[in-house]
Asks: 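Next up is a structure, given as structure tokens.
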Amino acid sequence: MISAQAVKELRDKTGAGMMDCKKALTQAEGDLEKAVDILREKGLASAAKKSGRVAAEGVIATYVSDDLKNASIIELNCETDFVSANEAFIALANDIAKAVAESNVDSLEAVKALPYGDATIQDAITALIAKLGENMNLRRYEKMEAPAGLVSSYIHMGGKIGVLVQVDAENASQEVASVAKDVAMHVAALNPQFLDNSSVDADTIEREREIYRVQALNEGKPEKIVDKMVDGRINKFFKEVCLVNQMFVKNPDLSIEAFVKEESKKLGNIKLVKFVRFEKGEGIEKEEVDFAAEVAAQMGQNK
């Protein structure tokens, strides 16, 4: 039995029609990811989104050490945008990011146990929950170290999106840091999924190949040219999802790879090593509240 909620979730992810979603879920025996693939193969999915609906509130915070060698990014969630703009909430998020960058933590629980004043980070979160009256959660973090270069960060829209970019560089200068920050701004805007072609795992490539193959066959293309078509679509896929292949948002005439090469001619060799991008609330399903029904229910209780 396919639930209405499952159909709605698939429709939200793909933009396909209700009946098409239900048929795909039935064919996939309720497996959401398989249903997405089925819709894509039939050309019915407008997009296979790689993350869930962005609905949770909170803030993304980053910290980079003065020598640009150590950095971190964290996500601290709350219930409303009102609290996410609170000065105490933002200050705590920034303090947590700094504590993470300056520690050797290897788990979220270890982060929460880090000292904070006379207590711990988790104690500080609990205290702020009591003060502001909203539930809060330190959801995730990532550390980045650049012994052979530097790390640069970028925060977009007051903490909605945060990015760290690590580069190896002959000279760990502010000019190189500016190049890395430009790349970080690009990552915030275009949301690449991988660094380069070699970073794409075999399972992802095989899955895309199979989808493109079924699409081509469904379009009535001759079997003998299908493989060549699939190769072409895979190359297009790489250009869309790999950072180095994307066209630079500040100069669409250059790919990111070409942009970095141009800057390397002036500043010494620069090599992109790693990036991480957090978007507030990505993958978290937030409960939708029907305020009219809630008020009506409350009035009924008060009669």
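Keep in mind that what you see is a predicted model, and the values were worked out from it rather than measured. Residue numbers count from 1 along this sequence. Below, all heavy atoms of this structure are taken into account, side chains as well, without hydrogens, waters or symmetry copies.
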Asks: Inspect the contact between Lys265 and Glu262 and indicate whether a charged nitrogen and a carboxylate oxygen are less than 4.0 angstrom apart.
Replies: yes

Asks: Inspect the surroundings of NZ in Lys98 and state if more than 12 heavy atoms from other residues, nucleotides or ligands are less than 6.0 Å away.
Replies: no

Asks: Using a strict threshold of under 4.0 Å (side-chain N to carboxylate O), is an ion pair present between Lys274 and Glu142?
Replies: yes

Asks: Any side-chain heavy atom of Ile205 within less than 4.5 Å of one from Phe238?
Replies: yes

Asks: For Ala24 and Ile38, work out which heavy atoms get closest and say how close.
Replies: O-CD1, 3.8 Å

Asks: Would a hydrophobic clustering, with Ile, Leu, Val, Met, Phe, Trp and Tyr connected at side-chain separations under 4.5 Å, put Leu195 with Val167?
Replies: yes

Asks: Within a reach of under 6.0 Å around NZ of Lys143, are more than 12 heavy atoms found that belong to other residues, nucleotides or ligands?
Replies: yes

Asks: Would you say the side-chain atoms of Arg277 pair up with the backbone N or O of Val187, donor to acceptor, closer than 3.5 Å?
Replies: yes

Asks: Looking only at heavy atoms, what is the nearest atom pair of Asp31 and Lys34, with distance?
Replies: OD1-N, 3.0 Å

Asks: Quick one: pull up CG in Leu68 and OG in Ser152 and give me the separation to the nearest 0.5 Å.
Replies: 7.5 Å

Asks: Decide, yes or no, whether a salt bridge links Glu210 with Arg40 under the criterion of side-chain N to carboxylate O below 4.0 Å.
Replies: no

Asks: Keeping Asn171 on the side-chain end and Gly268 on the backbone end, is there a donor-acceptor pair under 3.5 Å?
Replies: no

Asks: Tell me, do Val64 and Asn70 make a side-chain contact under 4.5 Å, heavy atoms counted?
Replies: no

Asks: Quiz question: by atom type and distance under 3.5 Å, do the side chains of Asp196 and Ser199 form a donor-acceptor pair?
Replies: yes

Asks: Apply side chain to side chain contact (heavy atoms under 4.5 Å, CB included) to residues Ile270 and Asp168 and explain how you reach the verdict.
Replies: CA-CA 6 Å; Ile270 304 170; Asp168 284 349; over 6 Å; no

Asks: Return yes if some donor-acceptor pair links the side-chain N/O of Tyr154 with the main-chain N/O of Val165 below 3.5 Å, else return no.
Replies: no

Asks: Is the side chain of Glu279 donor-acceptor paired with the backbone N or O of Ile161 at a distance under 3.5 Å, no angle test?
Replies: no

Asks: Which heavy atom of Lys221 sits nearest to which heavy atom of Val226, and what is that distance?
Replies: O-CG2, 4.0 Å

Asks: Determine, step by step, whether Leu150 and Val176 satisfy the side chain to side chain contact (heavy atoms under 4.5 Å, CB included) criterion, reporting the C-alpha distance in whole Å, the side-chain angles of both residues, the deciding distance to 0.1 Å, and the verdict.
Replies: CA-CA 8 Å; Leu150 58 82; Val176 173; 3.8 Å; yes

Asks: Could you give the distance from NZ (Lys160) to CG (Asp81), rounded to the nearest 0.5 Å?
Replies: 12.0 Å

Asks: Taking atom types as modelled, find out whether Glu134 and Thr80 have a side-chain donor-acceptor pair closer than 3.5 angstrom.
Replies: yes

Asks: Roughly how far, to the nearest 0.5 Å, is the CZ atom of Phe237 from the CZ atom of Phe194?
Replies: 5.5 Å

Asks: Taking side-chain hydrogen bond (donor to acceptor under 3.5 Å, both in side chains) as the criterion, tell me which of Lys239, His186, Glu240 meets it with Gln246.
Replies: His186

Asks: For side chain to side chain contact (heavy atoms under 4.5 Å, CB included), just list the numbers for Val183 and Phe275, CA-CA rounded to whole Å, side-chain angles, deciding distance to a tenth of an Å, and then say yes or no.
Replies: CA-CA 9 Å; Val183 174; Phe275 73 89; over 6 Å; no

Asks: Examine Met18 and Val36 and state if one hydrophobic cluster contains both, with Ile, Leu, Val, Met, Phe, Trp and Tyr joined whenever side-chain heavy atoms are less than 4.5 Å apart.
Replies: yes

Asks: Which one of Ile74, Leu164, Asn94 satisfies the side-chain contact (heavy atoms from CB on, under 4.5 Å) criterion with Thr62?
Replies: Leu164

Asks: In Å, rounded to the nearest 0.5 Å, how long is the span from CD1 of Ile256 to CG of Leu272?
Replies: 7.5 Å

Asks: Salt-bridged, Asp231 to Arg209, with N to O below 4.0 Å?
Replies: yes

Asks: Taking C-beta and beyond as the side chain, do Leu132 and Asn86 meet within less than 4.5 Å on heavy atoms?
Replies: yes

Asks: In Å and rounded to the nearest 0.5 Å, what is the CG to CD distance from Leu267 to Gln174?
Replies: 12.0 Å

Asks: Determine whether Val7 and Leu25 make a side-chain contact, defined as any pair of heavy atoms from C-beta on separated by less than 4.5 Å.
Replies: yes

Asks: Take a 6.0 Å sphere around CG of Asn104 and say whether it holds more than 12 heavy atoms from other residues, nucleotides or ligands.
Replies: no

Asks: Output the distance between atom CG (Asp227) and atom CE (Met229), rounded to the nearest 0.5 Å.
Replies: 11.0 Å

Asks: Which pair of heavy atoms, one from Leu10 and one from Ala35, lies closest together, and at what distance?
Replies: CD2-CB, 3.7 Å

Asks: Determine yes or no for a side-chain-to-main-chain donor-acceptor pair under 3.5 angstrom, with Glu263 supplying the side chain and Val260 the backbone.
Replies: no

Asks: In this structure, are over 12 heavy atoms from other groups packed under 6.0 Å from Glu29 atom CD?
Replies: no

Asks: May I ask you to check whether over 12 heavy atoms, not counting those of Glu102, lie within 6.0 Å of atom CD?
Replies: yes

Asks: With heavy-atom distances below 4.5 Å as the criterion, would you say the side chains of Ile125 and Ile129 are in contact?
Replies: yes

Asks: Using a strict threshold of under 4.0 Å (side-chain N to carboxylate O), is an ion pair present between Glu75 and Lys280?
Replies: no

Asks: State, without any angle test, whether Glu175 and Ser173 hold a side-chain donor-acceptor pair at a distance under 3.5 Å.
Replies: yes

Asks: Which pair of non-hydrogen atoms, one from Cys78 and one from Ser84, has the smallest distance, and what is that distance?
Replies: SG-N, 3.5 Å

Asks: Using a strict threshold of under 4.0 Å (side-chain N to carboxylate O), is an ion pair present between Glu33 and Arg207?
Replies: yes

Asks: Should Ser153 and Ile73 count as side-chain neighbours, where that means a heavy-atom distance under 4.5 Å?
Replies: no

Asks: Taking Arg139 for its side chain and Leu76 for its backbone only, find out whether a donor-acceptor pair lies under 3.5 Å.
Replies: no

Asks: For Glu57, does its backbone N or O pair with a side-chain atom of Asn77 as donor and acceptor, under 3.5 Å?
Replies: yes

Asks: Hey, quick one: are Tyr141 and Ile155 part of the same hydrophobic cluster, counting side-chain heavy atoms closer than 4.5 Å, chains of contacts allowed?
Replies: no

Asks: Do other residues, nucleotides or ligands put more than 12 heavy atoms under 6.0 Å from the NZ atom of Lys22?
Replies: no

Asks: Using a strict cut-off of less than 4.0 Å between a Lys/Arg side-chain nitrogen and an Asp/Glu carboxylate oxygen, indicate whether Arg213 and Glu208 qualify as a salt bridge.
Replies: no

Asks: Would you say the side chain of Gln215 lies within less than 4.5 Å of the side chain of Arg233, judging by non-hydrogen atoms?
Replies: yes

Asks: Just jot down the ring pair (Phe, Tyr, Trp, His ring centres under 6.0 Å) partners of Phe248, sequence neighbours excluded, or say none.
Replies: Phe259

Asks: How about Tyr116 and Leu92: do any of their side-chain heavy atoms sit closer than 4.5 Å?
Replies: yes

Asks: Quick one: closest heavy-atom pair of Ile121 and Ala99, and the distance?
Replies: CD1-CB, 4.1 Å

Asks: Hey, quick one: are Leu138 and Val59 part of the same hydrophobic cluster, counting side-chain heavy atoms closer than 4.5 Å, chains of contacts allowed?
Replies: yes

Asks: Are Phe82 and Ile90 connected in the hydrophobic side-chain network, where two residues link if heavy atoms are under 4.5 Å apart?
Replies: no

Asks: So, Thr126 versus Asp123: side-chain donor-acceptor pair below 3.5 Å or not?
Replies: no

Asks: Could you check Glu145 against Lys69 for salt bridge (charged side-chain N to carboxylate O under 4.0 Å, His left out), going step by step and ending with a plain yes or no?
Replies: CA-CA 6 Å; Glu145 298 178 358; Lys69 298 291 186 182; over 6 Å; no

Asks: Show your working on side chain to side chain contact (heavy atoms under 4.5 Å, CB included) between Leu254 and Lys250 and close with a plain yes or no.
Replies: CA-CA 9 Å; Leu254 293 176; Lys250 291 179 71 173; over 6 Å; no

